[in-house]
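Residue numbering restarts at 1 for every chain, and letters A, B, ... go by the order of the sequence lines. Only heavy atoms go into these numbers, but all of them, side chains included; no hydrogens, no water, no symmetry mates. Quick caveat: nothing in here was measured; it's all calculated off a predicted structure.
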Number of protein chains: 2
Amino acid sequence: MGKQTTEMLKGTLEGIVLAILAVSPAYGYEITARLRDEGFSDIAEGTVYALLVRIEQRGLVDVEKVPSEKGPPRKVYTINAAGGAYLEEFWRTWSFLAERIEQLHERIERTNEEGE
Amino acid sequence: MGKQTTEMLKGTLEGIVLAILAVSPAYGYEITARLRDEGFSDIAEGTVYALLVRIEQRGLVDVEKVPSEKGPPRKVYTINAAGGAYLEEFWRTWSFLAERIEQLHERIERTNEEGE
DNA sequence: ACCGGTAGTTAGCAACACTGAATAGCAAGA
DNA sequence: TCTTGCTATTCAGTGTTGCTAACTACCGGT
């Protein structure tokens with residue numbers, strides 16, 4: 001994966017995972033798969049598991065152990081009230097950043113056009 | 001500044017600064033000021049200077065020392081060809097990420113509406 | 001008995017933004 | 001003169017984050 005992507009995921013991956021959990025509860029392995037489906041093809045499994053541990057420790061999600069038919073028990077994560085609040089804050093921060101960056105992008109596009 | 005903002009800036013601040021330099025060359029102190037004008041009110045000066053050192057070492061910018069009338073000499077940074085290529089890659093990465101996240105956001109908005 | 005898919009854990013690493021302090025030049029006011 | 005204030009840059013140390021790589025563990029089919 002591009003190095004830029006890696007760096008850009010810092011600070012956003014957490015929100016992305018919480019957003020996925022806001023759609024419906026899920027366990028680690030499943031989340032990794034959903035991320036792949038979403039287009040984040042190369043996110044390491046280890047990364048997701050580590051992230052889940054973090055958001056659990058911060059109390060943003062509730063966890064339930066569910067036996068699996070084909071493997072060790074799953075840890076199913078459900079976003080809770082604190083997680084919901086955190087996610088809202090995430091959207092606000094994201095919107096702010098996205099707006100600024102889009103503005104910059106457009107300004108540069110215009111500058112380039114004028115220069116041609 | 002919010003902790004989320006700090007984390008989200010990782011990977012994007014570099015692109016933002018390069019984008020600012022793509023508009024016109026500038027020196028560190030000035031860049032900090034421009035960032036404030038852009039709405040990034042609380043980016044530490046030290047952060048900007050450290051970032052400038054990094055992108056200089058990677059050869060993304062050219063540097064010229066210019067005497068200042070009111071203080072020590074300025075280091076004026078100009079984006080070069082390598083920096084331009086890097087910036088383009090940045091826009092691609094950003095667009096990809098922004099698209100995915102917007103999709104997720106919209107999906108959740110819809111989910112919430114249905115639930116009401 | 002072995003292999004492949006499912007599921008999770010852990011240790012160590014590199015990159016990045018922040019804090020806080022230090023350095024340095026110059027101008028205007030007490 | 002001394003000091004305050006603005007301009008301008010540098011540096012050491014910290015915390016968070018995502019990645020890599022290896023390991024454990026459970027199950028079914030060959």
Side-chain angles (χ1 to χ4, degrees), chain A residues 1-18 25-36 40-58 60-61 63-77 86 90 93 97, chain B residues 1-18 25-36 40-58 60-61 63-77 86 90 93 97:
Chain A
M1 196 169 35
K3 195 175 145 291
Q4 299 211 36
T5 310
T6 294
E7 289 308 321
M8 236 180 257
L9 280 176
K10 294 187 182 177
T12 52
L13 186 55
E14 214 171 271
I16 292 170
V17 169
L18 282 173
Y27 55 97
Y29 195 79
E30 188 187 0
I31 292 172
T32 311
R34 281 206 213 167
L35 283 170
R36 287 192 214 288
F40 300 102
S41 47
D42 291 312
I43 292 183
E45 279 188 20
T47 300
V48 175
Y49 287 116
L51 191 156
L52 289 171
V53 168
R54 280 204 304 274
I55 62 177
E56 180 187 354
Q57 280 171 348
R58 284 199 217 137
L60 305 179
V61 288
V63 188
E64 196 191 354
K65 247 188 184 151
V66 178
S68 164
E69 289 161 5
K70 29 170 90 179
R74 299 165 173 168
K75 285 177 75 177
V76 174
Y77 293 84
Y86 187 92
F90 171 79
T93 308
L97 189 63
Chain B
M1 196 169 33
K3 192 176 148 292
Q4 299 212 35
T5 309
T6 295
E7 291 308 321
M8 233 180 258
L9 281 176
K10 293 188 182 178
T12 52
L13 187 55
E14 215 171 89
I16 292 170
V17 168
L18 281 173
Y27 54 97
Y29 195 79
E30 188 187 0
I31 292 171
T32 311
R34 281 205 213 168
L35 282 170
R36 288 192 213 288
F40 301 103
S41 46
D42 290 313
I43 291 183
E45 279 188 18
T47 299
V48 175
Y49 285 115
L51 190 156
L52 289 171
V53 169
R54 280 204 304 274
I55 62 177
E56 180 187 355
Q57 281 173 348
R58 284 198 217 138
L60 305 179
V61 288
V63 187
E64 197 191 354
K65 247 188 182 148
V66 178
S68 163
E69 290 162 3
K70 28 172 89 179
R74 300 165 172 168
K75 285 178 75 176
V76 174
Y77 293 84
Y86 186 91
F90 171 78
T93 307
L97 189 63

side-chain N/O B:S68 vs D:dA8 OP1/OP2, d < 4.0 Å: yes

Proximal nucleotide (of C:dG8, D:dT9, C:dC16) relative to the B:E45 side chain: D:dT9

Between C1' of D:dC26 and OH of A:Y29, the distance in whole Å: 13 Å

Spacing of A:F40 atom CZ relative to D:dC19 atom P, expressed in whole Å: 11 Å

Given DNA chain D, 5'-ward residue of the pair A:T12 and B:Y27, judged by closest heavy atom: B:Y27

Rounded interatomic separation in angstrom, taking CG from A:L13 and P from D:dG18: 5 Å

Touch class at under 4.0 angstrom, heavy-atom based, for B:E30 against every strand present: nothing

Quiz item: A:K10 side-chain donor-acceptor pair to D:dT17 base, under 3.5 Å: yes

Nucleotide C:dC18, atom P - distance to CG of B:L35 in whole Å: 10 Å

Selection from D:dC26, D:dC19, C:dT19 that lies nearest to any side-chain heavy atom of A:A44: D:dC19

Considering all heavy atoms, the nearest B:T32-B:I43 contact: CG2-O, 4.2 Å

Spacing of B:R74 atom CZ relative to C:dT23 atom P, expressed in whole Å: 23 Å

Nearest-angstrom distance from the residue atom CD of A:E56 to C1' of C:dT10: 16 Å

Spacing of A:M8 atom CE and B:E14 atom CD [to the nearest 0.5 Å]: 9.5 Å

Rounded to 10 degrees, the angle between the two terminal axes of the helix from C:dA1-D:dT30 to C:dA30-D:dT1, each from five pairs: 20°

Sugar-phosphate, base or nothing in reach of A:T47, heavy atoms under 4.0 Å: base

Selected nucleotide, minimal atom distance to B:I43 side chain, candidates C:dC18, D:dT7, D:dG18: C:dC18

Proximity to the side chain of A:T6 - top-ranked nucleotide from D:dC19, D:dT16, C:dA7: D:dC19

Worked verdict on A:V61 versus A:L18 for side-chain contact (heavy atoms from CB on, under 4.5 Å): CA-CA 9 Å; A:V61 288; A:L18 282 173; 4.1 Å; yes

Side-chain N,O (A:K75) to OP1/OP2 (C:dT9) below 4.0 Å: yes

Candidates C:dA7, D:dT9, C:dC16 - which lies nearest the side chain of A:E7: C:dC16

Residues B:R34, B:E30: salt bridge by 4.0 Å N-O rule: yes

Audit row: B:R74, B:Y29, side-chain contact (heavy atoms from CB on, under 4.5 Å) steps and yes/no: CA-CA 8 Å; B:R74 300 165 172 168; B:Y29 195 79; over 6 Å; no

Residue closer to the 5' end of DNA chain C, A:P73 versus B:G11 (nearest nucleotide): A:P73

Nearest-Å distance for atom pair CZ/P, residues B:R54 and C:dC18: 10 Å

Step-by-step side-chain contact (heavy atoms from CB on, under 4.5 Å) determination, A:L97 to B:F40: CA-CA 9 Å; A:L97 189 63; B:F40 301 103; 3.6 Å; yes

B:Y86 backbone acceptor or donor facing A:Q4 side chain under 3.5 Å: yes

Phosphate OP1/OP2 of D:dA8: any B:Y49 side-chain N/O under 4.0 Å: no

Protein-nucleotide distance (B:Q57, atom CD; C:dC16, atom C1'), rounded to Å: 14 Å

Minimal non-hydrogen separation, A:I16 against A:F90, with atom names: N-CZ, 4.3 Å

Any B:K3 side-chain N or O less than 4.0 Å from OP1/OP2 of C:dC18: no

